[in-house]
Peer 1: 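So that we are looking at the same thing, I have put the structure below in structure tokens.
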Number of protein chains: 2
Amino acid sequence: MTRATARSVAEAAGVSRTAVSFAFNDPAKISADTRRRILAEAERLGYSPHPVARALNRGTTDALGLLLPQPIPEVLENPYYNLFLQGVGQVCQREGLTLLLTPPLRGSMLTAIPYAAVDGFIVSGLEVDRGEVAALQRRHVPFVLVDSDAPEGVPSVEVTDRQGMADVVQHVLELGHRRIALLSFEAGPDRATGYRGPLARRLAGADEALRRVGLSLSAPGIDLVEVPCTRGAGYDAVAALLARADRPTAIVTFSDILALGALDAARDAGIDVPGELSVTGYDDQPDASYARPQLTTVRQSIEAKGRVAADFLVSAITGDAHHPHQVLHTTLIVRGSTGPAPDDRIPAG
Amino acid sequence: MTRATARSVAEAAGVSRTAVSFAFNDPAKISADTRRRILAEAERLGYSPHPVARALNRGTTDALGLLLPQPIPEVLENPYYNLFLQGVGQVCQREGLTLLLTPPLRGSMLTAIPYAAVDGFIVSGLEVDRGEVAALQRRHVPFVLVDSDAPEGVPSVEVTDRQGMADVVQHVLELGHRRIALLSFEAGPDRATGYRGPLARRLAGADEALRRVGLSLSAPGIDLVEVPCTRGAGYDAVAALLARADRPTAIVTFSDILALGALDAARDAGIDVPGELSVTGYDDQPDASYARPQLTTVRQSIEAKGRVAADFLVSAITGDAHHPHQVLHTTLIVRGSTGPAPDDRIPAG
DNA sequence: CTGAAAGCGCTTACAG
DNA sequence: CTGAAAGCGCTTACAG
């Protein structure tokens, strides 16, 4: 017992394979009666055109690919991707497309590319380009870069990360804080090559704001700590920071998840937020406003990012030759988790 | 400028197309030298075998399909799927597979099936079978049913939902609660046809526990409220319940997300949990233990569910003819959000 | 070690 | 309105 093909349906219905194809793809070309007969046989035999054969023929798979920097389980641990996928999913819905999650193959994004049967890729979290962009270009596979350092002539979506981080650091500085810990998520496996992409931009933004008051990332009192992007890792790091004699009066995180962990740690250490400690997040995920105190954070619309990226990809696939490049803005959202510095307060001016 | 094919590489390297194929798939069949030359040309031209053509030929796509009951954005709004995808993703990682998210096409899961180029499907949240199972079977597409009422002879993964809900309801009853609101997520679009799948099993479990103390789902004091599965919807529903004169002393939810919303509502209404109100969740998602008070809940390993489903699918694809059926167990996790009923306490015995 | 040929299952001009 | 034929891009026995 094997799968029905156009041929078996044609034989059963007493028509040619062409007629079977027309019944599914171009009904006007056969009589209504013939079509009915064919469709009935197809139904009976459980036939539908083989999707792969169809894709080969029409040159389209009706699938968008999402090229991931890490295995699926690791990527999804960060709620960021949940939101991003929702944005991409909106476009899939509108266009009747499916979405192929494409994790690295044998550890390499590059290797994964040629195996994915998709009409194009959204490339996410490409921190260091080790040939991915060139490979995609030479293969003439449409793609969009998200949150990378996109070269000229490549559709891309970015966020004003530098500005966003400068804003929140400035906010904290204006509140008088001078012992500040920056809690960043780790750069990917390519950290050795230096900071790239959004992480680099955020660090630059922090540095910029610090310099406006005569400080910098390497000034005394300013710490930079890198941890995996999980609530537990945020907790641990902040618990350690808070145990120090000269503990920071403000924790500026690079992700709401980390900030939530910071809030947990402060609560368990009996340290009042924002009275004794200010905490800021980044992203403004839904949990940020469910937290108590509610998180001061930098809003970026992750969902919009996914949506725009998918839109760009769809138009690249459709043959739109121009290479859109959109920069989404960020907004500082001041809520209850930040307040005046408890002691290091400096006189205005 | 078009995409390189095996033919163009063959011409450039001065060999046959067969040799090009061998260079990629069966190196032993050509000389090392020839292979090097071919690979160099391929690299230069940006050639790699067309994934769709390859899939047609080999009869495998190296992709697992996840057949979704709703559009991607709606599905992902529930963190449940995030965990489920992580479990599936583990298997993808191990097997070197990609994962195709397949939302309904034109509103129908059934329509989506024939368009997806995958080696098999994980069918999730199929509440009412309107032909999906038969379609998959007649097409000889391997598949696994998750959280459905699986017919005989179909690989499936389920959870002891009846037991799980019976346990938590019994826990609340033992604490003396008699005015209890059950907060359920809505049945899908097929609600008109009655409860199915896990929802039906959970309701049966609740009823079972209630009957052991002479109550039932329709007894006075027992309310059943259905809402969308979001924190906000949980909040709204519980806020309304708490505003009533004869407000419940316990809220038994069908999802941690709803329970989190219940906690929010209680806090905003100034009602102490667990002093004045007990709240229970379901799933034991990570947030359940981050909440304050920590949530009493029913643990099910959603991740394990995804992993087992993917494992079953992989073996079905590999040709394993037997149809495994696994029932994952649940565990009642008692934490701080439940306590003795404040007034309706009844004497023991 | 290499190449001509058939075939994977379909679609679509093209000729009747 | 229908059918024989070529082609999508590849893989793989098979014969040299």
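Remember, predicted model here, so these are calculated numbers, not experimental data. Chain letters run A, B, ... following the sequence lines, proteins first and then strands; every chain starts at 1.
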Peer 1: Select one nucleotide: of dG9(D), dG3(C), dC10(C), the one nearest the side-chain heavy atoms of Phe22(B).
Peer 2: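 Nearest to the side chain of Phe22(B) among the choices is dG3(C).
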Peer 1: Should the side chain of Thr18(A) and the base of dA4(D) be counted as holding a donor-acceptor pair, with the cut-off at 3.5 Å?
Peer 2: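 Indeed there is one.
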Peer 1: Just to confirm, is there a sub-4.0 Å distance from OP1 or OP2 of dC8(C) to any side-chain nitrogen or oxygen of Arg58(B)?
Peer 2: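 Looking at the OP1 and OP2 atoms of dC8(C), neither is under 4.0 Å from any side-chain N or O of Arg58(B).
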Peer 1: Does Asp311(B) form a salt bridge (charged side-chain N to carboxylate O under 4.0 Å, His left out) with Arg94(B)? I'd like the steps, not just the answer.
Peer 2: CA-CA 10 Å; Asp311(B) 274 332; Arg94(B) 197 190 63 212; 2.8 Å; yes
Peer 1: Describe the nucleic acid contact of Ala28(A) in one word from base, sugar-phosphate, nothing, applying a heavy-atom distance below 4.0 Å.
Peer 2: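 It contacts sugar-phosphate atoms only.
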Peer 1: Are Phe121(B) and Val141(B) side-chain neighbours, meaning at least one heavy-atom pair lies under 4.5 Å?
Peer 2: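 Yes - at least one pair of side-chain heavy atoms lies under 4.5 Å apart.
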Peer 1: Provide, to the nearest angstrom, the distance between the CZ atom belonging to Arg35(A) and the P atom belonging to dC1(D).
Peer 2: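 After rounding, the reported distance stands at 13 Å.
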Peer 1: Grab the CZ-C1' distance between Arg36(A) and dC1(D) for me, whole Å please.
Peer 2: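 Arg36(A) atom CZ is separated from dC1(D) atom C1' by 15 Å.
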Peer 1: On DNA chain C, check which nucleotide each of Ser31(B) and Asp26(A) is closest to and give me the residue with the more 5' one.
Peer 2: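 With Ser31(B) and Asp26(A) compared, the 5'-side residue is Ser31(B).
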Peer 1: Between Ser8(A) and Leu45(A), what is the shortest heavy-atom contact and its length?
Peer 2: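 Nearest heavy atoms, Ser8(A) then Leu45(A): O-CD1, 4.1 Å.
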Peer 1: Regarding Ile30(A), tell me which of base, sugar-phosphate or nothing describes its non-hydrogen contacts under 4.0 Å with the strands shown.
Peer 2: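 Since only primed, P, OP1 and OP2 atoms lie under 4.0 Å of Ile30(A), the category is sugar-phosphate.
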Peer 1: Strictly by Watson-Crick or wobble contacts shorter than 3.5 Å, is anything paired with dT2(C), and which nucleotide is it?
Peer 2: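 Here dT2(C) is engaged in a pair, and the nucleotide opposite it is dA15(D).
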Peer 1: Given atom CZ of Arg17(B) and atom P of dG3(C), what is their separation to the nearest angstrom?
Peer 2: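 Answer to the nearest Å: 12 Å.
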Peer 1: Would you call the rings of Tyr81(B) and Phe84(B) parallel, tilted or perpendicular, taking 30° and 60° as the class edges?
Peer 2: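 Taking Phe84(B) first and then Tyr81(B), their aromatic rings stand perpendicular (interplane angle over 60°).
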Peer 1: Assign Thr5(A) to base, sugar-phosphate, or nothing according to its heavy-atom contacts below 4.0 angstrom with the strands shown.
Peer 2: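 Since only primed, P, OP1 and OP2 atoms lie under 4.0 Å of Thr5(A), the category is sugar-phosphate.
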Peer 1: Between dC8(C), dT2(C), dT2(D), which one does the side chain of Lys29(A) approach most closely?
Peer 2: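 Nearest to the side-chain atoms of Lys29(A), counting from C-beta on, is dT2(D).
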Peer 1: Base, sugar-phosphate alone, or nothing: which one does Phe24(B) contact when heavy atoms must sit under 4.0 Å apart?
Peer 2: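 Answer is nothing: Phe24(B) stays at 4.0 Å or more from every strand.
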Peer 1: What integer distance in Å separates Arg37(B):CZ from dT2(C):P?
Peer 2: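 The answer, rounded to whole Å, is 8 Å.
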Peer 1: Over how many whole Å does the gap from Leu56(A) atom CG to dG7(C) atom P extend?
Peer 2: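 Between P of dG7(C) and CG of Leu56(A): 17 Å.
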Peer 1: Between dG9(C), dA13(D), dT11(C), which nucleotide has the shortest distance from any of its atoms to the side chain of Ala53(A)?
Peer 2: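 Shortest atom-to-atom distance from the side chain points to dG9(C).
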Peer 1: Closest approach to the side chain of Asn57(B), judged atom by atom: which nucleotide of dC8(D), dC8(C), dT2(C) is it?
Peer 2: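 Of all the options, the side chain of Asn57(B) is nearest to dC8(C).
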Peer 1: Does this structure show an ion pair linking Arg138(A) with Glu43(B), if we count only N-O contacts that are shorter than 4.0 Å?
Peer 2: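 Salt bridge: yes.
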Peer 1: Heavy atoms from C-beta onward define the side chain here; which of dG9(D), dT11(C), dC10(C) lies closest to that of Ser21(A)?
Peer 2: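 Selected nucleotide (nearest to the side chain): dT11(C).
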Peer 1: Pick out which of Leu64(B), Thr60(B), Val118(B) makes a side-chain contact (heavy atoms from CB on, under 4.5 Å) with Ile317(B).
Peer 2: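 Among Leu64(B), Thr60(B), Val118(B), the one meeting side-chain contact (heavy atoms from CB on, under 4.5 Å) with Ile317(B) is Leu64(B).
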Peer 1: Within this structure, what is the CD-to-C1' distance between Glu11(B) and dG3(C), rounded to whole angstrom?
Peer 2: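 After rounding, the gap between these two atoms is 14 Å.
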Peer 1: Take atom CG of Asn25(B) and atom P of dC1(C), then tell me their distance rounded to the nearest Å.
Peer 2: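 For the pair Asn25(B) CG and dC1(C) P, the rounded distance is 17 Å.
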Peer 1: Rounded to whole angstrom units, what separation is found between the CZ atom of Arg7(B) and the P atom of dA5(C)?
Peer 2: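 The answer, rounded to whole Å, is 13 Å.
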Peer 1: Between Thr34(B) and dT2(C), is there a side-chain N or O to OP1/OP2 distance below 4.0 Å?
Peer 2: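 Indeed, a polar side-chain atom of Thr34(B) lies that close.
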